[in-house]
Colleague: 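Dumping the structure here so I can ask a few things about it.
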There are 2 protein chains.
Amino acid sequence: MATIDSAPAPASAGRLRVAVPSVAERVAQELRRQLAEGTLIPGARLTESTIAEDLGVSRNTVREAFAELASERLVVRHPNRGVFVASLGAEDIHDVYTVRRFIEVSAMRGGGSPEDVAAVRAAVEEGKRAAAAGDDEAGGTANQHFHGAIVAMARSPRLNTVMAQVLAEMRLFFHKATADALFYQRYLPDNEAICEALEAGELDRAADLLLAYLDRSEDNLAAVHGE
Amino acid sequence: MATIDSAPAPASAGRLRVAVPSVAERVAQELRRQLAEGTLIPGARLTESTIAEDLGVSRNTVREAFAELASERLVVRHPNRGVFVASLGAEDIHDVYTVRRFIEVSAMRGGGSPEDVAAVRAAVEEGKRAAAAGDDEAGGTANQHFHGAIVAMARSPRLNTVMAQVLAEMRLFFHKATADALFYQRYLPDNEAICEALEAGELDRAADLLLAYLDRSEDNLAAVHGE
DNA sequence: ATCGAAGGATTGTTGAACAATCCGTAGATT
DNA sequence: AATCTACGGATTGTTCAACAATCCTTCGAT
């Protein structure tokens, strides 16, 4: 399949160091892409030699990429058996939402700078445009931007990392749920209301709305899972 | 230096599968130990070949261990330059405490089952014993158990993981601070008060006390850092 | 003193090899 | 027929050796 030689060759001209990511990093990136895109479905097995050949890299390099993805919980290692695309069970969904409740709600109560709030607003508008265009994929992305922007208000690199990983895990799961075209649109009014409360400086109310949203979202997802 | 063949040989008798950790995992564990113990000081460089020889494993295996430690932020990778023991700057300390405020305080407001509360109490008593014995190392460990137990009340594997990583990062930094023998003892009364509020079911008060403790602790640590 | 060109050392990556482990299947046993 | 055991194939875990790419230092020239 597609090779990973995407980065422009370190050709002649530019003397500006661009920090080309390592091969292992590019492999991880490519796998992340396929994971998010849904090419690799949860539970699928990833064979080292196959991927190594497909991407034209060594098995050892694939192995390093696996280690990275495993640390992000996107794949699971079964010793001596191989790595598999992570599949979230009911407990995992609940746990992910627990993390989100902890982090997002606290971030909301802390508020953010005007630029941070503007970023939240921008994500809401992005969602509206996606809905208008009927683009579900973009709608999901916008929703993740919305929640990412909320956490970003805390300006904490570590919290941002945690949140990014959790959102990546959710994206992995959503390929079952997104069959419902209205899944994201349903939450647009919530995002709008939360954002307005935030812009008005009513942080506690915004946090309460966000909490209610998360609870409802979890229930919906659990229902989809149970079907 | 010391080899890593610690696990009892997969001898004859036992048919019970014990899941021997992989070599890479044992290397990571050994490095974690040295990191926590202070043998490896922040900023120190870890040369692949040296460690490979010292532990009697291959360079590739060391590399896998590095990847794991890097994902835990215990070491930092500088591309083409090597990996270094992470050293926390002022921003990092603040960030770590931000994470702790988010997670610990929320967990406290959520409360926990009687067993979970008992675990918190046990950590407090552990700290008292360590103080009585004048054992600073044990005091630090007890303190980490205390805060770990608070987060454990949320019964969230992912939050526990995040907290464990943050505590590991702090341990890395504390080797400067622990010169002050009273560093941990100073916080014993706080832990006691927080625990009592928790046991009394006064979650909000316990959370407020915890928050105040975290703020004070951060200030102290920042002061130590600045000296 | 500044700059640039070797030189050496270390990382990044590859390829091949082998041991260890797992899985499925075919036979043997009851 | 069902269960157990042994075997074989496939994949992972780990090692080793090599080489390219990159960085740091030193040396020398300007």
Colleague: Any idea which of D:dT12, C:dT11, D:dT14 is nearest the B:S22 side chain?
Modeller: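 Per side-chain heavy atoms of B:S22, the pick is D:dT14.
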
Colleague: On DNA chain C, compare the nucleotides closest to A:A24 and A:P79; which residue's is nearer the 5' end?
Modeller: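 First, find each residue's nearest nucleotide; the 5'-ward one identifies A:A24.
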
Colleague: Atom CG of B:L55 and atom C1' of D:dT15: how far apart are they, to the nearest Å?
Modeller: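 To the nearest whole Å, that distance equals 15 Å.
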
Colleague: Given 3.5 Å as the limit, does a donor-acceptor pair link the side chain of A:S106 with the main chain of A:I103, or not?
Modeller: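 Checked: no pair found.
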
Colleague: For A:E25 and D:dA21, what is the distance between atoms CD and C1' respectively, to the nearest whole Å?
Modeller: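 My rounded result for the distance is 18 Å.
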
Colleague: Which of these nucleotides, D:dT12, D:dA18, C:dT10, is closest to any side-chain atom of A:R59?
Modeller: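 Side chain of A:R59 sits closest to D:dT12.
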
Colleague: Hey, mind stepping through B:R32 and B:Q29 against side chain to side chain donor-acceptor pair (under 3.5 Å) and telling me if it holds?
Modeller: CA-CA 5 Å; B:R32 270 193 217 98; B:Q29 195 57 43; 2.8 Å; yes

Colleague: Which of these nucleotides, C:dT14, D:dT15, D:dT14, is closest to any side-chain atom of B:V57?
Modeller: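 Selected nucleotide: D:dT15.
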
Colleague: Calculate the interatomic distance between A:H78 atom NE2 and C:dC22 atom P; express it in whole Å.
Modeller: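 It works out to 13 Å between those atoms.
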
Colleague: Looking at B:H147 versus B:Y213, is the centre-to-centre ring distance below 6.0 Å?
Modeller: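 They qualify: ring centres under 6.0 Å apart.
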
Colleague: How close or far is atom C1' of C:dT21 from atom CD of A:E48, stated in whole angstroms?
Modeller: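 Going from CD in A:E48 over to C1' in C:dT21 covers 13 Å.
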
Colleague: Taking atom P of D:dT14 as reference, at what distance in whole Å does atom CD of B:E53 sit?
Modeller: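 Taking atom P of D:dT14 as the reference, CD of B:E53 is at 19 Å.
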
Colleague: Can you measure B:L46 atom CG to C:dA9 atom P for me and round it to whole angstrom units?
Modeller: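 Rounded to whole Å, this separation is 20 Å.
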
Colleague: Do you know which two heavy atoms are closest between A:N60 and A:S58, and how far apart they sit?
Modeller: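 Distance-wise, the nearest heavy atoms are N-OG, 3.0 Å.
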
Colleague: Counting only side-chain heavy atoms from C-beta out, which of D:dT15, D:dG13, C:dG12 sits nearest to A:N80?
Modeller: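 Minimum distance to the A:N80 side chain belongs to D:dG13.
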
Colleague: Want to settle it: does B:R45 or A:N60 sit nearer the 5' end of DNA chain C, counting the closest nucleotide to each?
Modeller: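 Upstream on the strand: B:R45.
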
Colleague: C:dG12 base to B:R77 side chain: any donor-acceptor pair below 3.5 Å?
Modeller: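 It does not, because no donor-acceptor pair links the side chain of B:R77 to the base of C:dG12 below 3.5 Å.
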
Colleague: Strictly below 4.0 Å: does A:S49 bring a side-chain N or O up to OP1 or OP2 of D:dT11?
Modeller: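 Checking A:S49 against D:dT11: no side-chain N or O falls below 4.0 Å of OP1 or OP2.
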
Colleague: Could you check how far CZ of B:R26 sits from C1' of D:dT14, rounded to whole Å?
Modeller: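 Those two atoms, CZ and C1', are 11 Å apart.
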
Colleague: Passes side chain to side chain contact (heavy atoms under 4.5 Å, CB included), A:Y97 versus A:D215? Steps please.
Modeller: CA-CA 8 Å; A:Y97 272 93; A:D215 287 340; over 6 Å; no

Colleague: Take atom CZ of A:R63 and atom P of D:dT11, then tell me their distance rounded to the nearest Å.
Modeller: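 Whole-Å distance recorded here is 14 Å.
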
